[in-house]
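Excluded from the calculations below are hydrogen atoms, water molecules and symmetry mates; all remaining heavy atoms, backbone and side chain alike, are included. Just so it is clear: chains get the letters A, B, ... in the order the sequence lines come, proteins before strands, and each one is counted from 1.
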Amino acid sequence: MADLPILQFEETIMKAVEENTVVVIIGETGSGKSTQLSQILHRRGYTKSGIVGVTQPRRVAAVSVARRVSQELGVRLGDEVGYAIRFEDRTSERTRIKYLTDGVLLRESLSNPELDEYSVVILDEAHERSLNTDILLGLMKRLVERRASNFKVLITSATLDGEKVSQFFSECPVVRVPGKLFPVEIVYSHERPVSYLESSLATALDIHMKEGEGDVLIFMTGQDDIDKLVSKLEDRVRSLEEGSCMDAIILPLHGSLQPEMQVRVFGPRPPNCRRFIVATNIAETSLTVDGVVYVIDSGYVKQRQYNPSTGMYSLDVVQISKVQAHQRAGRAGRTRPGKCYRLYPSAVYEDEFLDVTIPEIQRSSLAGSVLYLKSLDLPDIDILKFDFLDSPSPESLQDALKQLYLIDAIDENGLITRIGKTMAELPLEPSLSRTLMEANEHGCLSQALTVAAMLSAETTLLPGRSKNTEKKRKHDYLDLPDGSGWGDHIQLLQIYECWHQTNYDIDWCKDYQLQVRGMKFVKDVRRQLSQIMQKIAKGPLDVQISRRWKESQQDYHNLRRALCVGYANQLAERMVYHNGYRTLGFKPQVVQVHPSSVLKPDDEGKLPDYVVYQELIATSRPYLRTVCAVNIAWVTPILDKVNKININKLSGGIGRIEEHTEENMSDLPKTDNVVAAVPDDHESKIQAARERFLARKGKK
DNA sequence: GAGCACTGC
């Protein structure tokens with residue numbers, strides 16, 4: 001601890017903090033910023049007038065850093081040093097240093113917008129630019145003006161991007177702290193690989209034959225490629241065995257792996273052995289593998305992005321940014337000098353890679369964030385002029401406003417409604433919180449709570465596609481309830497109700513191949529949602545089991561109607577001659593129900609005329625994921641509302657966001673009072689970056 | 001009849 005670089009900068013940092021309200025700290029990996037900054041401030045008396053809060057983008061980081069700091073200070077975790085993550089608040093009245101996820105701090109500002117119990121807030125890992133961090137940055141900017149006398153903000157970033165953050169905070173000082181990484185030699189390819197999979201394979205074998213001890217970390221874009229490379233490596237390494245003096249262990253590493261499998265990557269390594277870890281970008285930030293000396297970087301990442309004009313998400317393989325390339329290379333220099341093999345020429349890196357990753361706020365649907373900001377009810381904040389470090393596109397903000405209006409969270413003037421205010425308190429996406437509100441009016445709150453909770457964990461619920469599914473099991477996945485013909489939401493409800501009837505038996509989950517961790521998470525979410533709904537609940541919150549078929553059909557009917565109201569912006573109509581659907585409310589998209597859905601054609605081979613969907617996502621083609629059948633009678637009033645939307649009024653009559661978006665808004669009333677806005681330098685840079693990005697996408 | 005990168009309240 002004593003040799004952490006940051007400690008030599010204590011005086012510099014403190015001088016900057018004393019003289020300024022905001023300070024940016026640039027510290028590379030190993031500088032000790034996450035554990036030491038809070039302690040420095042503590043030593044210097046900043047915990048006397050309030051708490052020093054340190055945000056982290058991830059839960060595990062918040063917990064592990066808090067644990068380490070409590071050890072270093074020799075106090076019990078939860079006393080002077082504590083942490084707060086969802087479902088777990090390990091702080092007490094004595095807590096002076098508090099680690100928390102940025103999502104938790106956002107929730108706290110909902111009930112206490114001035115954050116007056118904090119004397120300092122440190123936004124750690126701000127360079128990762130998570131959606132939540134970006135919103136916090138905007139809120140902090142406002143807060144430091146209001147609380148300038150007794151509040152400090154420190155923002156840490158691992159990259160040169162600190163200058164930009166400094167500009168954002170009126171040219172606040174930037175302190176640079178060196179990291180403790182060993183040098184990493186960068187080796188570029190001479191040309192673009194024909195197949196980066198083959199190229200990775202060849203490079204990995206080359207390292208194994210020629211290089212000294214040390215593990216190899218290979219970055220791939222997804223599970224399929226990881227599995228392919230793992231099996232190819234297995235084959236080739238075996239045939240090389242006489243040529244090499246080392247044994248090889250080949251390990252996949254990605255988010256869908258069961259935790260038990262992930263542990264193999266972090267366990268002790270047998271001597272005289274080289275491990276090949278074939279990973280997604282999970283190994284870029286979330287997980288650190290010890291012993292890595294060689295990194296193979298394909299230069300690609302699979303990235304999820306949102307198109308606000310179609311309401312469609314897509315998962316695309318895109319080039320990484322220079323920052324990401326730097327981060328990947330850094331993974332080779334943690335224990336001793338390393339090497340990073342970039343499977344692309346240096347000219348590609350220089351000319352084609354973006355400097356920084358496009359922040360999440362420019363790649364996501366913003367309905368939830370906009371609702372959150374509106375609910376803060378700060379008279380001095382106008383959402384459309386909200387000061388973001390990087391603004392989301394005008395289309396994206398308009399899309400969010402339209403969505404919120406369609407589900408009654410804001411009125412036609414863009415003002416938050418009473419319903420919207422309650423919705424914002426729920427840790428759910430707006431469509432689901434609106435469903436809960438509606439269900440509460442129609443006697444099916446209990447069922448809606450279950451569905452909302454199930455959807456909060458849905459992706460981790462079902463077992464991953466593992467190669468060894470030959471394990472013996474009592475039931476097949478097909479034995480699970482089938483949604484009674486109404487679709488996936490009803491199926492999720494039925495699954496949870498079955499589990500409830502087994503008294504939440506863990507073995508039951510295992511028998512049905514449901515992820516135990518996922519199901520426990522659902523139970524926690526359901527409890528949390530019930531607590532929030534308690535004060536306005538008009539019916540029971542606990543799981544209700546209907547004895548009779550007719551009763552449950554009535555429940556399903558009410559629930560589907562509530563879902564239809566909540567998902568007003570996620571409606572689709574079946575096409576006349578086949579089972580394709582057309583989305584309603586957006587620029588119409590022709591889509592298919594995802595094959596994993598339990599919704600199946602009826603005896604005449606037809607799917608329901610109308611469905612709501614949880615997600616519209618283009619993978620190999622556009623799909624509706626997680627769908628529920630609804631009645632046309634519920635749909636008609638929504639479509640009437642869609643046709644009457646006046647986006648100009650919703651945006652508070654501000655013309656400036658009209659001019660970029662004419663093309664997407666052709667179905668909406670045209671306004672002739674469009675103000676020609678001159679994009680400032682900041683905006684045009686963003687625009688340029690977007691265009692470069694889109695052009696690159698088009699090329700592929 | 002296809003398949004989902006990674007987080008978080």
If the threshold is 4.0 Å, N to carboxylate O, is there a salt bridge linking [X] and [Y]?
X       : Y       : answer
R129(A) : D390(A) : yes
E114(A) : R142(A) : yes
K33(A)  : E125(A) : yes

Can you tell if the side chain of D297(A) reaches within under 4.5 Å of the side chain of I320(A), non-hydrogen atoms only?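 SC-SC contact between D297(A) and I320(A) confirmed.
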Would you say dT7(B) has OP1 or OP2 under 4.0 Å from some side-chain N or O of T285(A)?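 Negative; the distance criterion is not met.
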Taking OP1 and OP2 of dA2(B), is either one under 4.0 Å from a side-chain nitrogen or oxygen of T619(A)?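 No, T619(A) has no side-chain N/O under 4.0 Å of OP1/OP2 on dA2(B).
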DNA chain B contacts among residues 54-63 of chain A, heavy-atom distance under 4.0 Å: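 Correct list: P57(A), R58(A), R59(A).
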Quick one: which of [options] gets closest to the side chain of [X]?
X       : options                : value
V104(A) : dC9(B), dA2(B), dA5(B) : dC9(B)
R107(A) : dA5(B), dC9(B), dA2(B) : dC9(B)
R304(A) : dC9(B), dC6(B), dA5(B) : dA5(B)
I282(A) : dA2(B), dT7(B), dC9(B) : dT7(B)

Could you check whether the rings of Y313(A) and Y306(A) sit parallel, tilted or perpendicular, using 30° and 60° as the cut-offs?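 Taking Y306(A) first and then Y313(A), their aromatic rings sit tilted (interplane angle of 30° to 60°).
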When the ring planes of Y344(A) and F353(A) are compared, do they come out parallel, tilted or perpendicular, using 30° and 60° as the limits?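 Plane angle between 30° and 60°, so tilted.
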Comparing K600(A) and I617(A) on DNA chain B - which has the more 5′ nearest nucleotide: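 Closer to the 5' end of DNA chain B: K600(A).
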